[in-house]
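All residue numbers refer to positions in the sequence shown, counting from 1. It should be emphasised that the depicted structure is a prediction, and the values quoted were computed from it without experimental measurement.
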Amino acid sequence: MSGSRLDESTIHRLRRQFVELLKVQGKLALREPLALLSGVALPAILLAVFGFIGQANPETVGSTGLTIIDVWTPTILVLSFIFISVSLPNTLVRDREIGWLRRISTTPLHPSRLLGAQLVIDLILAAAAVLIVILEAKLAFGASLHVQILPFAVSLPLSIVELFALGLVLVALLPTQTVAQPVAGVVTFGLMFLSGLWVNPAQLGDPLRTIMYYSPSGAAVKAVLDSAFNGAPSYAALLTMAVYTVIFGFIAIRYFRWE
């Protein structure tokens, strides 16, 4: 009995610590709302730009049979996840520089809980971005989304976790904000290109098309696009994202530094 009560008290204490950590990380996120602006507001603006382009050019994209707004809605969803994920280095590396992470390190808190709390905050932002982008695409620009709930419910969270895990890798490896900002910028533009923002992979030949499809952002876009129109994402895209998630998660936890 005593062991059971101890386990329950320990679980309750850990849960309370995690909730308090969530509150602190939420307040810090509101003070410097980079993820909110880049991950929620910017994708909505980008979607409006592509929406107006699509209205001026109603032709389908290549041989896809889809309009511009149809093709770019899933892409912009993934872009919102990219923007949120690359804001992680600015947030957590800053916290490490100002000594906040060092203070936390004096507690029995495991790095995975701190990273988990930040992940929850960013998941909330990602959920807001998904809701805004889909409603804007459907109601404002008439995107012909035919979302299958189960495939969409698998591909979308997996793409979010995969890209956020990549952001945490940058947090673990980059020492200062001075380094983090330009590196995060380079990673962002690389992921944007590989996602097919400027050139659709279907319009390219191998090996570039294969590289894009099996990149972190390219696999995410393909899975979300298939879920939105074709009913089910390819197993290759899902497996690619799962492998990236495991690798990125291991690196992030293994090399995370408090100071």
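With rounding to the nearest 0.5 Å, the separation of CZ in Phe81 from CG in Leu123 is 9.5 Å. Distance check: Leu239 CG to Tyr244 OH gives 11.0 Å after rounding to the nearest 0.5 Å. Separation of atoms CD1 (Ile76) and CG (Leu47) is listed at 4.5 Å; rounding is to 0.5 Å. Separating the CD1 atom in Ile134 from the CG atom in Leu139 is a distance of 11.0 Å, to the nearest 0.5 Å. Atom NZ of Lys138 is separated from atom CD1 of Ile69 by 11.5 Å, given to the nearest 0.5 angstrom. In this structure, the separation between CG on Leu225 and OG1 on Thr75 is 6.5 Å, given to the nearest 0.5 Å.
At a threshold of 4.5 Å between non-hydrogen side-chain atoms, the residues Ser80 and Val133 do not count as touching. For the pair Leu191/Leu166, a side-chain contact is recorded, criterion being any heavy-atom separation below 4.5 Å from C-beta on. You'll find the side chain of Pro216 reaches within 4.5 Å of the side chain of Phe248, heavy atoms only. Taking the side chain as every heavy atom from C-beta outward, Leu79 and Pro43 never approach each other to under 4.5 Å. Here the side chains of Phe83 and Met192 are in contact, with some heavy-atom distance below 4.5 Å.
Hydrophobic clustering (side-chain heavy atoms under 4.5 Å, transitive across Ile, Leu, Val, Met, Phe, Trp, Tyr) groups Leu174 together with Tyr255. Cluster annotation: Val179 is connected to Phe189 through the hydrophobic network of ILVMFWY side chains, with a link wherever side-chain heavy atoms come within less than 4.5 Å. The cluster map of Ile, Leu, Val, Met, Phe, Trp and Tyr, joined by side-chain heavy atoms under 4.5 Å apart, puts Val49 and Phe141 in the same cluster. Clustering ILVMFWY residues whenever any of their side-chain heavy atoms sit less than 4.5 angstrom apart, transitively, puts Tyr214 in a cluster other than the one holding Ile247. Hydrophobic clustering of Ile, Leu, Val, Met, Phe, Trp and Tyr side chains at less than 4.5 Å, counting indirect connections, keeps Ile82 apart from Val161.
Closest heavy-atom contact between Val224 and Pro74: CG1-CB, 3.7 Å. Across every non-hydrogen atom of Leu194 and Ser217, the tightest pair is CB-OG, 3.5 Å. Between Gly39 and Ile84, the shortest heavy-atom distance links the atoms CA-CG1, 3.5 Å. Shortest non-hydrogen contact noted between Asp226 and Ser234 is OD2-N, 3.8 Å.
Counting only residues at least two apart or in different chains, salt bridge (Lys or Arg N to Asp or Glu O under 4.0 Å) contacts with residues 157-172 are absent. Residue pairs meeting the salt bridge (Lys or Arg N to Asp or Glu O under 4.0 Å) criterion with at least one partner in residues 193-202, sequence neighbours excluded, do not occur; the list is empty. Pairs engaging residues 203-213 under the salt bridge (Lys or Arg N to Asp or Glu O under 4.0 Å) rule: Asp206-Arg209 [sequence neighbours left out].
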Show me the donor-acceptor pairs within less than 3.5 Å that the side chains of residues 153-160 make with the rest of the protein, sequence neighbours left out.
residue, atom, partner, partner atom, Å
Ser155, OG, Pro151, O, 3.0
Ser155, OG, Ser227, OG, 2.8
Ser159, OG, Ser155, O, 3.3
Ser159, OG, Leu156, O, 2.7

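The side-chain contact (heavy atoms from CB on, under 4.5 Å) search around Ala219 returns Thr240, Met241, not counting sequence neighbours. With sequence neighbours excluded, the residues forming a side-chain contact (heavy atoms from CB on, under 4.5 Å) with Ser85 are Leu163, Phe164, listed by chain and number.
Phe50 and Trp72 have parallel rings, their planes meeting at less than 30° on a 0 to 90° scale where 60° marks the start of perpendicular.
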